[in-house]
Protein chains: 2
Amino acid sequence: MEPSVDAGAAARRAAHNGAPTLHVRFSDADAIPFPTRTVERGDALYCAGEPLRSLYTVQSGCFKTVATFPSTDDDSAPHTQVTGFHFANETLGLDGVCTNRHESDAVALEPSVVRIMPVGILEPLCREYAAMQHELLAIMSAEIVRASRLALMLGTMPARERVAAFLLDFAERLEAGATPAGEHAIALLLPMTRADIGSYLGLELETVSRTLSKLQREGAIGLNGRQVRIVDRSMLEHQ
Amino acid sequence: MEPSVDAGAAARRAAHNGAPTLHVRFSDADAIPFPTRTVERGDALYCAGEPLRSLYTVQSGCFKTVATFPSTDDDSAPHTQVTGFHFANETLGLDGVCTNRHESDAVALEPSVVRIMPVGILEPLCREYAAMQHELLAIMSAEIVRASRLALMLGTMPARERVAAFLLDFAERLEAGATPAGEHAIALLLPMTRADIGSYLGLELETVSRTLSKLQREGAIGLNGRQVRIVDRSMLEHQ
DNA sequence: CGACATTTTGAAACGAGTCAATTGGGGTGG
DNA sequence: CCACCCCAATTGACTCGTTTCAAAATGTCG
């Protein structure tokens, strides 16, 4: 009955601290013995255009979703962009419900396991259980908010802010998903390349690299390749 | 039973011609006698933070939705952006389902009428009728796709392409909503300011104005203040 | 008609993109 | 086990698009 505990809490937290929190969960399905599937690093869970059979909840690992657009111009390169990164407990495939086809590719950034929830089963289930229906709606709504915040970030923030917000969001999601641990000097291991980050943030990979270096020089973060330590959180928040 | 006719068709059309089509509909509720409400130009249908009571379908007129973010930095100006324009038959308020509060402001750009669909009624209704449930999910999914496409546009396109895509999208939505008329020299009357357009496209209003002027000089459009004629559609498509 | 908002246009400054070269790491094969 | 290769990441110099600041023109509403 109660509104979606997970998605709701996440969104409220986001609204509270201002940093775009960009994730979506789905907990009420926990009790149901859906099958799982393992996806190797670099492999696609699904591709754009494929018929939508299931929604997926990430059990472990990490995915990126990539949207492609035939450029308005036919003869120039199509626009492509990473539209999201997805960690444990987050749900994939929601954008495909409207067309019954997946609208993006979902690619594993590391060996990952997902829970498979067939849409043919999910919809009747939601008609049966009000709480589940509400949570599915809440998850989809949270995904709308997530995408809108990404748009807002791309439309209004300079590179420094985007990268800082990305790091803060990443750190927050890890805390939420796994270690509810300490506060200071959070260590992150980024599973994605600079190019992925850049694509997601609407920046070139060189700009991402430069910005990270600059943040390190100024003492906001520690940096060693894909290992990032958040040294001064408030400094990041004040970009 | 059949998947959401309207939203699905719109998304397919978008996928086909490449131009981001950015709208969402909800037709199955037509039969139900929901009440309506009139909103004057400049007035808000709802504001961010207000408890979510209803979803709204635009009957006539036009709205903009505006998202605000307390900048990651507290003392600098908050980020704000127009996240969408909404015409007849499109549904407003979907982003509020996850938190039970509206996540953005909805402001009428002209005198408008909306149909009020209380969420307390809508959810049980969707549990009753499978087609309705599916359509609601489809609408929300379409909204996710819409927001993702906006993000993609903001992340990858230069100013010319953004403005061109905006005009094409606008024209297409008018055709779909009202005049299923001719092909050549479609006349548009933009209900929003250059500043609104710029905010939506992640550009300054001066850039929007300059870009429109340039498109006129090159013969792609006719321009007279807020009146725009699409002279050479393919030229716009090839930006 | 007058006050105010919107739009247009110009010139200069800045941020991010582009091109290019170098460094570092991880994996494979000799 | 080391050498090599490939991919990722870093850094620099230069270019270009967009923003910024400013002023004038146009439109709108009371």
Side-chain angles (χ1 to χ4, degrees), chain A residues 40-42 64 76-77 79-82 107 109-111 153-167 188-218 221-229 239, chain B residues 40-43 64 76-77 79-82 107 109-111 153-167 188-218 221-228 239:
Chain A
E40 291 308 313
R41 185 190 150 188
K64 66 175 173 183
S76 69
H79 293 293
T80 195
Q81 188 183 30
V82 173
V107 178
L109 295 172
E110 48 186 80
M153 182 158 82
L154 297 180
T156 65
M157 294 184 182
R160 285 180 66 88
E161 287 185 35
R162 293 188 205 183
V163 173
F166 169 78
L167 290 176
L188 311 175
L189 185 57
L190 305 179
M192 69 292 281
T193 68
R194 301 285 192 263
D196 285 333
I197 300 173
S199 172
Y200 177 65
L201 296 177
L203 301 170
E204 293 304 310
L205 65 94
E206 294 96 327
T207 304
V208 174
S209 180
R210 263 187 266 268
T211 306
L212 287 172
S213 300
K214 208 172 298 179
L215 289 173
Q216 181 187 33
R217 252 176 278 135
E218 296 166 7
I221 63 174
L223 185 60
N224 181 14
R226 293 193 182 184
Q227 298 172 58
V228 178
R229 269 181 318 108
Q239 297 300 324
Chain B
E40 290 310 312
R41 184 189 151 189
D43 286 356
K64 66 175 173 182
S76 69
H79 294 293
T80 196
Q81 188 183 30
V82 174
V107 178
L109 295 172
E110 50 186 80
M153 181 157 83
L154 297 179
T156 65
M157 293 183 182
R160 285 180 67 88
E161 287 185 34
R162 295 187 204 182
V163 173
F166 168 78
L167 291 176
L188 312 175
L189 185 57
L190 305 179
M192 70 292 281
T193 68
R194 302 286 192 261
D196 284 333
I197 300 173
S199 172
Y200 177 65
L201 296 178
L203 302 170
E204 292 305 311
L205 66 92
E206 294 95 328
T207 305
V208 174
S209 179
R210 263 187 267 269
T211 305
L212 286 172
S213 299
K214 207 172 300 179
L215 288 173
Q216 180 186 35
R217 252 175 278 135
E218 296 166 7
I221 63 174
L223 185 61
N224 181 15
R226 294 192 180 183
Q227 298 173 60
V228 178
Q239 297 300 324

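Just so we're on the same page: letters track the sequence lines, and every chain starts at 1.
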**Study point:** Side-chain heavy atoms of B:R160 within contact of B:L215, under 4.5 Å
**Key:**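 Side chain of B:R160 against side chain of B:L215, heavy atoms only: contact under 4.5 Å found.
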
Gap between atoms [atom1] and [atom2], on [X] and [N] respectively (whole Å):
| X | N | atom1 | atom2 | answer |
| --- | --- | --- | --- | --- |
| B:L190 | D:dG27 | CG | P | 15 Å |
| A:L201 | C:dG15 | CG | P | 18 Å |
| B:R162 | D:dG17 | CZ | C1' | 11 Å |
| A:K214 | D:dA9 | NZ | P | 19 Å |
| B:R217 | C:dT8 | CZ | P | 11 Å |
| A:M192 | D:dC7 | CE | C1' | 18 Å |
| A:L189 | D:dA8 | CG | C1' | 14 Å |
| B:R194 | D:dT28 | CZ | P | 12 Å |

Check your understanding: Which part of the nucleic acid does B:S209 contact within heavy-atom distance under 4.0 Å: base, sugar-phosphate only, or nothing?
Key -> base

Practice item. Name the nucleic acid region contacted by B:R41, choosing base, sugar-phosphate or nothing; use a 4.0 angstrom heavy-atom cut-off, strictly under. Key: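 Counting heavy atoms under 4.0 Å across all strands, the contact made by B:R41 is with sugar-phosphate only.
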
Exercise for review: Rounded to the nearest 0.5 Å, what's the gap from NZ on A:K64 to CE on A:M192? Could you check?
Suggested key: 9.5 Å

Side-chain donor/acceptor of [X] to backbone N/O of [Y], under 3.5 Å:
| X | Y | value |
| --- | --- | --- |
| A:R162 | A:L201 | yes |
| A:Q216 | A:L223 | yes |
| B:S209 | B:L205 | no |
| A:S199 | A:A195 | no |

Revision key, fill the gap. Counting primed atoms, P, OP1 and OP2 as sugar-phosphate and everything else as base, the B/S/- map of nucleotides 16-24 of chain C against protein heavy atoms under 4.0 Å is SSBBB----

Point to revise | Side chain of A:L205 - closest among D:dT10, C:dT7, C:dT9 | key: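 Side chain of A:L205 sits closest to D:dT10.
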
Check your understanding: So does A:E204 pair up with A:R210, basic N to acidic O under 4.0 Å?
Key -> no

